[in-house]
There are 2 protein chains.
Amino acid sequence: MLKISKKADYALMALQHIALVQFGDVTPGRVVNTKEIAEEYNIPLELLAKVLQALSKNGMIESHNGPKGGYLLARNASHITIAQILESIEGPLGLTDCSHEKDGDFCMQREHCNIRTPLLKVQDSIYQLLNSMTLQDMMGGTPLITIQSPSTQGVNR
Amino acid sequence: MLKISKKADYALMALQHIALVQFGDVTPGRVVNTKEIAEEYNIPLELLAKVLQALSKNGMIESHNGPKGGYLLARNASHITIAQILESIEGPLGLTDCSHEKDGDFCMQREHCNIRTPLLKVQDSIYQLLNSMTLQDMMGGTPLITIQSPSTQGVNR
DNA sequence: TGATCTCCGATCTAATAGGTCGGACTAAAG
DNA sequence: CTTTAGTCCGACCTATTAGATCGGAGATCA
Ligand code: FES
Ligand code: FES
């Protein structure tokens, strides 16, 4: 349940890769093209292209056309949150269809609905969670890897 | 994004309704049948039936057959969490396809994947959030319902 | 100017969620 | 005991969306 789409998945990988290249110690400021990412992570080329297009349109990255072209991070990695990335691909966060009350878009259950308010509360919590984590954090700003000793292997859960 | 399925949605409504009837002041211990819930919330009858079947199979509710039959909450409302309900309908929580590492089920990106660990962390946080909220909480343990006076009727959005 | 590499829009296919149908069972009423 | 009405239950079909693909337009560098 609560699975994110493959496209969103690819978006996260691509962005982190770009961030790594751009702010890494090796070749800072280098542009990175679609093909490079696709081959590195075994992602269908054309599909990844569409994902990057969407990210570009939403202001996450900048596109540079022509030969030697490619993509560049639009702003610092610490200012790009997971929530922003996911919303660029999958649209606004919403646990139910009726989360965003547009006029005339009533779900049949609205009138007698007993779960709307609590669900919105949960939804908001999730959003804060996703919006508090940035690309910077994913790259290694915070120690995310949990080392487990061989003796406890396969024990947890 | 992160939308839960209609079926899960219906499950939440149904369970809360049952809990309300069973632990409410009016008719405690009464069994409630599928038709009653379907009509109350405008849910397709047959579909709701399937949802309740799944909930029964997963030990959330008990089914009583025959005339005057129906469903009954399996245990106290404070011991049923949102996470349990959702997992009964939609399967285990997992942001990506490769969250639960079954043998031989490797995603193409696994080897060079750079987002696995951080995503698992996020996923765990979400799970704790969902697992900390119970039916009891949804019913009114916390004041969730907003009362509106007749004069303001039809004004809000 | 020419060639090459990129972005970009529209199109097709596979998977899944949403919804529907008829049969099997149980318990109460006659 | 028999009948009968109302329930749960499993398998089936359809509509929507996500996943993946194709070919063309535009831009840059040699
Ligand atoms: S499900 Fe739409 S308002 Fe509750
Ligand atoms: S997406 Fe499968 S391991 Fe990262």
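Reminder, nothing fancy here: chain letters follow the sequence lines and each chain counts from 1.
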| field | D:dC8 OP1/OP2 closer than 4.0 Å to side-chain N/O of B:T34 | value | yes
| message | With heavy-atom distances below 4.5 Å as the criterion, would you say the side chains of B:T96 and B:I115 are in contact? | response | no
| query | Is the closest basic N to carboxylate O distance between A:E36 and A:R30 below 4.0 Å? | reply | yes
| Rounded to whole angstroms, how far apart are NZ on A:K3 and P on D:dT17? | 18 Å
| query | B:N65 CG to C:dT26 P: how many Å, rounded? | reply | 7 Å
| task | Starting at atom NZ of A:K35, determine the distance to atom C1' of C:dT4, rounded to an integer number of angstrom. | result | 12 Å
| message | Can you confirm whether A:M60 sits close enough to A:R75 that some side-chain heavy atom of one is under 4.5 Å from a side-chain heavy atom of the other? | response | yes
| Heavy-atom side-chain proximity of B:Y71 to B:T34 below 4.5 angstrom | yes
| Could you walk me through whether A:N114 and B:M13 pass the side chain to side chain contact (heavy atoms under 4.5 Å, CB included) check? | CA-CA 7 Å; A:N114 50 9; B:M13 291 192 219; 3.8 Å; yes
| Near-strand residues of residues 45-58 of chain B, defined as heavy-atom separation under 4.0 angstrom from DNA chain D | B:K50, B:Q53, B:K57
| Please give, in whole Å, the distance from D:dT7 P to B:E39 CD? | 10 Å
| query | Starting at NZ of B:K6 and ending at C1' of D:dT17, how long is that distance when rounded to a whole Å? | reply | 15 Å
| Whole-Å gap separating P (D:dT28) and CG (A:N33) | 16 Å
| said: Contact between A:V31 and A:I18 at the side-chain level, heavy atoms closer than 4.5 Å - yes or no? | reply: no
| said: Is B:Y10 close enough to C:dG19 that one of its side-chain N or O atoms is under 4.0 Å from OP1 or OP2 there? | reply: yes
| message | Nearest whole Å is fine: how far is C:dC7 C1' from A:E36 CD? | response | 17 Å
| request: Starting from the 5' end of DNA chain D, give me the residue, A:P44 or B:Y71, whose nearest nucleotide shows up first. | output: B:Y71
| task | Would you kindly give the CD1-to-C1' distance between A:I37 and C:dC7, to the nearest whole Å? | result | 14 Å
| message | I'd like to know whether the aromatic ring centres of A:H17 and A:Y41 sit less than 6.0 Å apart in this structure. | response | yes
